[in-house]
Student: 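Here's a structure for you.
For the single chain, residues carry numbers from 1 onward in sequence order.
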Amino acid sequence: MANIAKDINNFPEVHQVSQSKYLKTYIMNRMHSLNLYSFLSEEDVLQYVMKCLIETLESGEQINNPIAWSKLVSEQHINKTYKRHRAILMQKLVEKLSSWAGLVC
């Protein structure tokens with residue numbers, strides 16, 4: 001927690017993103033539309049975004065619009081997680097269908 005406080009003081013972008021209601025609402029709506037609440041939390045996404053933001057700023061890269069940048073990073077993270085979750089569900093479905101096919105034959 002001390003590191004985040006230090007980063008908020010060093011980078012105003014971190015404070016701006018951490019206080020953004022727009023970003024939090026966007027993440028909440030996106031997760032709701034993909035039905036990811038059982039697999040991922042809003043806080044997980046926000047922490048991932050903050051980690052990426054801090055790493056990017058520490059590397060010296062300038063971010064002109066941190067909210068838009070954070071929205072893009074959160075979208076990529078949510079989509080990656082959704083694809084992973086969907087693949088797991090498909091694997092479980094295939095296993096069920098295979099077991100049912102074995103019972104029918």
Student: Going by the ring pair (Phe, Tyr, Trp, His ring centres under 6.0 Å) test, which pairs reach into residues 53-84, not counting sequence neighbours?
Tutor: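 Only Tyr48-His77 qualify under ring pair (Phe, Tyr, Trp, His ring centres under 6.0 Å).
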
Student: To the closest 0.5 Å, what do you measure between CG (Leu36) and CD1 (Ile27)?
Tutor: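 Taking CG in Leu36 and CD1 in Ile27, the distance rounds to 12.0 Å.
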
Student: For Glu43, give me all partners under side-chain contact (heavy atoms from CB on, under 4.5 Å), at least two apart in sequence or on another chain.
Tutor: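 Applying side-chain contact (heavy atoms from CB on, under 4.5 Å) to Glu43 gives Ser41, Leu46, Gln47.
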
Student: Are Leu72 and Leu53 linked, directly or through other ILVMFWY residues, by side chains that come within less than 4.5 angstrom of each other?
Tutor: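 They do not share one cluster, since no chain of ILVMFWY contacts under 4.5 Å joins Leu72 to Leu53.
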
Student: Lys51: which residues meet the salt bridge (charged side-chain N to carboxylate O under 4.0 Å, His left out) condition with it, sequence neighbours left out?
Tutor: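 Listed in chain order: Glu55.
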
Student: Not counting sequence neighbours, list each pair that qualifies as a ring pair (Phe, Tyr, Trp, His ring centres under 6.0 Å) and has a residue in residues 16-43.
Tutor: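 Sorted result for residues 16-43: Phe39-His85.
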
Student: What pair of heavy atoms forms the shortest contact from Val17 to Ile67, and how long is it?
Tutor: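 Residues Val17 and Ile67, closest heavy atoms: CA-CD1, 3.9 Å.
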
Student: To the nearest 0.5 Å, what is the distance between OG1 on Thr81 and CD on Gln76?
Tutor: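 Thr81 atom OG1 to Gln76 atom CD measures 11.5 Å (nearest 0.5 Å).
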
Student: Test: salt bridge (charged side-chain N to carboxylate O under 4.0 Å, His left out). Region: residues 14-25. Which pairs qualify, not counting sequence neighbours?
Tutor: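 Checked against salt bridge (charged side-chain N to carboxylate O under 4.0 Å, His left out) - neighbours excluded - no pair reaches residues 14-25.
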
Student: How far does CG of Asn29 sit from CD of Glu42, to the nearest 0.5 angstrom?
Tutor: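 These two atoms lie 9.0 Å from each other.
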
Student: Report the residues that fulfil side-chain hydrogen bond (donor to acceptor under 3.5 Å, both in side chains) with Ser33, sequence neighbours left out, ordered by chain and then residue number.
Tutor: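 With sequence neighbours excluded, Ser33 shows a side-chain hydrogen bond (donor to acceptor under 3.5 Å, both in side chains) to Arg30, given in chain and number order.
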
Student: What residues, two or more places apart in sequence or in another chain, satisfy side-chain contact (heavy atoms from CB on, under 4.5 Å) together with Glu61?
Tutor: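 Counting only residues at least two positions away or on another chain, Glu61 forms a side-chain contact (heavy atoms from CB on, under 4.5 Å) with Thr56, Ser59.
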
Student: Can you tell me if Ser74 uses its side chain to pair, donor with acceptor, with the backbone of Ser70 under 3.5 Å?
Tutor: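 Yes; judged by distance alone, with no hydrogens or angles, the pair exists.
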
